[in-house]
Visitor: 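My questions all concern the structure below.
These numbers come from the heavy atoms of this one structure, side chains and all, not from hydrogens, waters or symmetry mates. Residue numbers start at 1 and run along the sequence shown.
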Amino acid sequence: MRPHLLAIVAMLRFTRALVSPGLRAPRRAAPAAALRPFAARRAVRRGARATTQLRSTTEEHTAPIPIELEAELSESFMKYAMSTILGRALPDARDGLKPVHRRILFAMRELNLTPGTPYRKCARVVGEVLGKFHPHGDNSVYDALVRMAQDFVMSARLVDGHGNFGSVDADPPAAMRYTECKLTKFAYEALLNGDDLGKANRGEPLAGGVSVNFSDNFDASEMEPDVLPARVPVLLVNGAAGIAVGMATSIPPHNLGEVCDAALVVARAAKRGAKASDDELSVALPAPDFPTGGLIMGTTGVARAYATGQGSIVIRAKTHFEKVRSGRNAIVATELPYQVIKSELLAKTADAINARRIEGIADLRDESGREGTRVVFELKRDAQAEIVLSNLFKSTRLQTSFPANIVAVDHALNDDGDDVRSPVRMTLRYALERWLSFRFDCVRLRAAHSERRAAARLHIVEGLCLATANVDAVVALIRASDAPADAKAKLVEGGAIPAMGALSEDQASAVLALTLSRLTTLEADKLDSERKDLEVKLEGLRKLMSEDAAVYDAVVDEVAAIKKAYPTPRRSEIVFDGDAELRDEDVIENARSAVLVARDGYVKRTSLEEFGAQSRGGRGRNALQGGTLRHLVTCHDHDTLLCIADTGVAYGVRAFNVPQASRAARGVPVPSVLPVDRSTRIKGLLAVAHDTLQNPKPGDDDELFLVVLTRNGLVKKTPLAAFKGLTSRGLIAIKLGEGDAVTHARLCRASDSLILATAAGMVTRFAADDSELRSMSRTTRGVRAMNLRDGDAIVKMDVAGGDHSHVLVLTAEGYGKRVALADLRSQKRGGMGVSAIKFKKKGDDLVSICPVAPNDEVMVVTESGVIVRMDAASVTAQSRTATGVLVQKAAKDDALVDLTVVPADLLSSDAPGEA
């Protein structure tokens, strides 16, 4: 509320300043008497004491009364806001009803529309409510009545409707002149029970309650209850939804039986003077129960809503797979999430299918009928049903979140004993305890009322028993009296009949009203039996008035009776081990892809199928439109990409979060995928299975390490476990000195060896274990990797494992060869290495190396983005001093820049699950 109020005040201040600063009345000529208040206000502002006196003028109007705009606006706005909050939009925490619902139910009771009576026109009920209790629009009253009659909105209907009361497809109800209604048995017993609310003679209005207070209506012509004496927590049973000023409520409906169980748990604990445990409450009331069914995915959001009063509850449609007449597979939804309109769901799903946001659906139709909901999504023959279903859950309202916000109007007594109402966000425990406190008061007030009536009746019966025991003397006294008043006076004074003593005036009146038939022995026995029953009843009522435990027992009996009378099976199934949040990998196929990063800072993901295998010496396929290629990595779409920036920071991004583009497209800027600026360059792009990164195994033989190489020739090895939970926010991978930057990054195991190659064709190989390269923390510097000749530079770092037999060497001019790994003997770290190739052309440089196994495929990349995919074995194996063979024929102004191996698990046509 306050931000809206401040905005209005600021606007009005600005408007007032534009007109005339300090002005409090319209600019017009005014009589002297009208100017006096303004002079007085100026005197007050100067610190003088002045009194403003309003005087009548000879004109028709009196002088204007100056007021402070801010104060008046604040007061008026707060009055309006609180009126809306307390009187219209929010339910009462005690009976779970808004004023309009309470007035409708009470009016129906006054019209005697009880469960056993015929239906009456809804227009009659609406007219009764408008004329006596609720002076608002008839549509608002009828809409509220319709809602209480809809079984797809209310968990336990309060109105029994006859006619068209709308549908789950948002079809409107028929006009009120056509529909009929009466109270349901549940509403009559749980909210309008005569023992609690009171009873009136037929045709007479109920002018006072037994266990609840009654107040005057809007024109003081009728009485209406302030609250209905709810015997169960209706606030939780049927929930509520409403938008007030500055606040709203959204309470999910629950299963009646489970709410009764929770109420019993709280009441029994209160009897012991304790509080029910959270475990007891969660067992009794595990989750909401929506009238339309569906699946509640997980209980995390439910637990948060119950513990704090606010949370998000994920609901999915209930679906299954089946074969349809066409022989195709289909997804069939038989239960929809709460408050999802089926017609809108179908329309928006059709739009998504036409816009190709959802793939794999050939037909969509609604086959719902009298048997229930049935929405059919017929699949294409090549579609995977599980993937299509997951996409439907994410992209349509087949999965929704119910925003639970348990806000209701609470009542409390202030220091002066006045009832103060205020909106309160409630936890589940507080809502149950607040209802129990209210119900406790209802039972005790009902007991006090019944005790007064029973005591008065016992007093009369005792007088009648005395009269029947001395019937002859009483008859003689009456016959000897001149008038009834004389006989009454003799009975009250006593002495006339010593065995009776003095009677009260009420007893005397009752004795005089006895008929001759009541003087028989049978009637005397009935009076004596009634006296004994009243004595027993009074004993029980006085126990309720004096012992709290007895009151709690009564509450327990009432709740148990309601639960037994209205057994309600659960409609919403709880998936306790379900993931409440739909993960991206649930809706994205784990396809095989190639991720490319250009030198100018663009990145894209392309299907690996677009790069078919070719023979050695081909020109390849263009994979980049404009710019030059810097990195190429093959992966599954569910993998995590480790992006090592030149600044020494490692970023993590799921492969499917890199936008997919065609083979010739340019892609998107790296800053749109990672939180880096345009000047940052990615120097290492590595693919790792998501589970491997999230669940590393420190100390294991297969433990992975991240190896980083810098421009100044420093190398560092860090356990991958140090990057657990890596996200796009990034983590420091290496501490860099001034002028230094990351140039390469790879993953390795302790059993592997590192191979570094220079532009001059020198290659060094050393072990990756702690004997040559010890493991370091993320924030440390590295150690010297290789000794370089003047003018030379490291162009590639790679890792050789146990299954690698050769190292493929590639030059800028397109020449390459396979060199046996054994020919590149292992050395100490920091050496100069050995020559790996003899250049065929002057000015040629070594650009890349790649350890390969006999059955590997490799992808050769040119600077312009042309890619050739070939078998590694098609490149001839030669000695270190050989010049190699032509691997790829590059264009005149193009040159080869990189070489990468296609992992064996990506060679299969079927993409496996995540490793």
Visitor: How long is the span from the NE2 atom in His690 to the CZ atom in Phe656, to the nearest 0.5 Å?
Guide: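 It is 7.5 Å, given to the nearest 0.5 Å.
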Visitor: From Ser728 OG over to Leu674 CG, what is the distance, rounded to the nearest 0.5 angstrom?
Guide: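 One finds 7.0 Å between OG of Ser728 and CG of Leu674.
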Visitor: Return the minimal non-hydrogen interatomic distance between Ala745 and Gly684, and the atom names on each side.
Guide: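 Looking at all heavy atoms of both residues, the shortest contact is CB-CA, 4.0 Å.
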Visitor: Identify the two heavy atoms, one from Gly648 and one from Leu736, that lie closest to each other, and give their separation to 0.1 Å.
Guide: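 Closest heavy-atom pair between Gly648 and Leu736: N-CD1, 3.9 Å.
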Visitor: Does the side chain of Val819 reach to within under 4.5 Å of the side chain of Gln878, using non-hydrogen atoms?
Guide: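 Contact flag for Val819/Gln878 side chains = no.
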Visitor: Measure from the side-chain N and O atoms of Thr692 to the backbone N and O of Val688, and report whether any donor-acceptor pair falls under 3.5 Å.
Guide: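 A pair under 3.5 Å: no.
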Visitor: Could you tell me the separation between the CD1 atom of Ile755 and the CG atom of Asp798, rounded to the nearest 0.5 Å?
Guide: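 Nearest 0.5 Å value for the CD1-CG distance: 7.0 Å.
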Visitor: Ion pair present between Asp770 and Lys717, side-chain N to carboxylate O less than 4.0 angstrom?
Guide: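 Answer for the salt bridge query: yes.
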Visitor: Going through the distances and angles, do Asp677 and Thr680 end up as a side-chain hydrogen bond (donor to acceptor under 3.5 Å, both in side chains)?
Guide: CA-CA 6 Å; Asp677 55 38; Thr680 301; 2.8 Å; yes
Visitor: Does Phe393 have Arg316 sitting over its ring (NZ/CZ under 6.0 Å from centre, angle to axis within 45°)?
Guide: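 Here Arg316 passes the 6.0 Å and 45° test against Phe393.
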Visitor: Sub-3.5 Å donor-acceptor pair from the side chain of Ser672 to the main-chain atoms of Pro669, do we have one?
Guide: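 A pair under 3.5 Å: yes.
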Visitor: When you check the gap from the basic side-chain N to the acidic O, do Asp646 and Arg711 get nearer than 4.0 Å?
Guide: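 Arg711 and Asp646: not salt-bridged.
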Visitor: Begin with the C-alpha distance, continue with both residues' side-chain angles, and end with the deciding distance and a verdict on side chain to side chain contact (heavy atoms under 4.5 Å, CB included) for Thr758 and Met786.
Guide: CA-CA 10 Å; Thr758 72; Met786 187 176 182; 3.5 Å; yes
Visitor: To check you understand the geometry: which heavy-atom pair defines the closest contact between Val388 and Ala383, and what is its length?
Guide: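 Heavy atoms of Val388 and Ala383 come nearest at CG2-CB, 4.1 Å.
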Visitor: Within this structure, what is the OG-NZ distance for the pair Ser777 and Lys735, rounded to the nearest 0.5 Å?
Guide: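 Reported to 0.5 Å precision, the distance equals 10.0 Å.
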Visitor: Search all heavy atoms of Pro854 against all heavy atoms of Asp803 and return the closest pair with its distance.
Guide: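 Here Pro854 and Asp803 meet closest at CD-O, 4.4 Å.
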Visitor: Does any non-hydrogen side-chain atom of Val860 lie less than 4.5 Å from one of Thr900?
Guide: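 No, side chains not in contact.
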Visitor: In Å and rounded to the nearest 0.5 Å, what is the CG to CE distance from Leu295 to Met297?
Guide: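 The distance works out to 6.5 Å.
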Visitor: Is any side-chain N of the basic residue among Glu813 and Lys840 closer than 4.0 Å to the acidic one's carboxylate O?
Guide: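 Result for this pair is no, no salt bridge flagged.
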Visitor: Set out, in order, the CA-CA distance, both residues' side-chain angles and the distance that settles salt bridge (Lys or Arg N to Asp or Glu O under 4.0 Å) for Glu703 and Arg749, then state yes or no.
Guide: CA-CA 6 Å; Glu703 181 182 6; Arg749 293 179 173 84; over 6 Å; no
Visitor: Do you know which two heavy atoms are closest between Val875 and Arg818, and how far apart they sit?
Guide: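 Between these two residues, the closest heavy atoms are O-NE, 2.7 Å.
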Visitor: What is the distance from atom OG1 of Thr718 to atom CD1 of Ile732, rounded to the nearest 0.5 Å?
Guide: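 Nearest 0.5 Å value for the OG1-CD1 distance: 11.5 Å.
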Visitor: Side-chain contact test, heavy atoms from C-beta onward, threshold under 4.5 Å: evaluate it for Gln827 versus Arg765 and give yes or no.
Guide: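 A side-chain contact is absent here, since even the closest heavy-atom pair is not under 4.5 Å.
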Visitor: Do side-chain atoms of His636 reach the backbone of Ser593 as a donor and acceptor pair under 3.5 angstrom?
Guide: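 Flag not set: sc His636 to bb Ser593 has no pair under 3.5 Å.
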Visitor: Do His744 side-chain atoms and Val795 backbone N/O form a donor-acceptor pair below 3.5 Å?
Guide: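 Side chain of His744 to backbone of Val795, a donor-acceptor pair under 3.5 Å: yes, one is there.
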Visitor: Verify, without hydrogens or angle tests, whether Arg729 (side chain) and Leu726 (backbone) share a donor-acceptor contact under 3.5 angstrom.
Guide: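 No; zero donor-acceptor contacts below 3.5 Å.
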Visitor: Side chain to side chain contact (heavy atoms under 4.5 Å, CB included), that's the test. Do Leu392 and Phe377 meet it? Break it down for me.
Guide: CA-CA 10 Å; Leu392 284 171; Phe377 304 87; 4.0 Å; yes
Visitor: With side chain to side chain contact (heavy atoms under 4.5 Å, CB included) as the criterion, how do Val668 and Val603 come out once you've worked through the C-alpha distance, each side chain's angles and the decisive distance to 0.1 Å?
Guide: CA-CA 6 Å; Val668 298; Val603 62; 4.1 Å; yes
Visitor: Do the side chain of Lys716 and the main chain of Arg778 share a donor and acceptor less than 3.5 angstrom apart?
Guide: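 Judged by distance alone, yes, a pair lies under 3.5 Å.
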Visitor: Give the minimum heavy-atom separation between Thr606 and Lys604, together with the two atoms involved.
Guide: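 Scanning both residues completely, I find the closest heavy atoms to be OG1-CE, 3.7 Å.
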Visitor: Using side-chain heavy atoms (C-beta onward) and a distance below 4.5 Å, is Leu685 in contact with Cys643?
Guide: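 Yes. Closest side-chain heavy atoms under 4.5 Å.
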Visitor: Counting N and O atoms only, with roles assigned by atom type, does the side chain of Lys817 sit under 3.5 Å from a partner on the main chain of Arg880, one being a donor and the other an acceptor?
Guide: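 Checking the backbone N and O of Arg880 against the side chain of Lys817, a donor-acceptor pair under 3.5 Å is found.
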Visitor: Under a 3.5 Å distance rule, please check whether Asp792 uses its side chain to pair with a backbone N or O of Ala760 as donor and acceptor.
Guide: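 Yes; judged by distance alone, with no hydrogens or angles, the pair exists.
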Visitor: Is there side-chain contact between Leu896 and Thr811, with heavy atoms separated by less than 4.5 Å?
Guide: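 Counting from C-beta outward, Leu896 and Thr811 never come under 4.5 Å.
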Visitor: Any side-chain donor-acceptor pair under 3.5 Å between Thr710 and Asn712?
Guide: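 Their side chains do not contain a donor-acceptor pair, so the 3.5 Å distance test is not met.
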Visitor: Without swapping roles, check the side chain of Arg654 against the backbone of His638 for a donor-acceptor pair under 3.5 Å.
Guide: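 Yes, the answer is positive, given that a donor and an acceptor are paired below the 3.5 Å cut-off.
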Visitor: Considering only heavy atoms from C-beta outward, does the side chain of Leu709 approach that of Leu714 to under 4.5 Å?
Guide: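 Not touching, per the 4.5 Å side-chain cut-off.
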Visitor: Starting from the C-alpha separation in whole Å, work towards a yes-or-no answer on side chain to side chain contact (heavy atoms under 4.5 Å, CB included) for Leu810 and Leu846.
Guide: CA-CA 6 Å; Leu810 185 68; Leu846 188 150; over 6 Å; no
Visitor: Is a donor on one side and an acceptor on the other found under 3.5 Å between the side chain of Asp844 and the backbone of Ala812?
Guide: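 Yes, because the side chain of Asp844 sits within donor-acceptor range (under 3.5 Å) of the backbone of Ala812.
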Visitor: If we only count heavy atoms from C-beta on, is the Glu772 to Ser753 side-chain gap below 4.5 Å?
Guide: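 When only atoms from C-beta onward are counted, Ser753 and Glu772 do not touch, as no gap falls below 4.5 Å.
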Visitor: Using a strict cut-off of less than 4.0 Å between a Lys/Arg side-chain nitrogen and an Asp/Glu carboxylate oxygen, indicate whether Glu857 and Arg869 qualify as a salt bridge.
Guide: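 Answer for the salt bridge query: yes.
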Visitor: Is any side-chain N of the basic residue among Asp898 and Lys796 closer than 4.0 Å to the acidic one's carboxylate O?
Guide: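 A salt bridge is present here (some side-chain N lies under 4.0 Å from a carboxylate O).
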Visitor: Does any part of the side chain of Ile296, heavy atoms only, come nearer than 4.5 Å to the side chain of Val314, both counted from C-beta?
Guide: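 They are not in side-chain contact.
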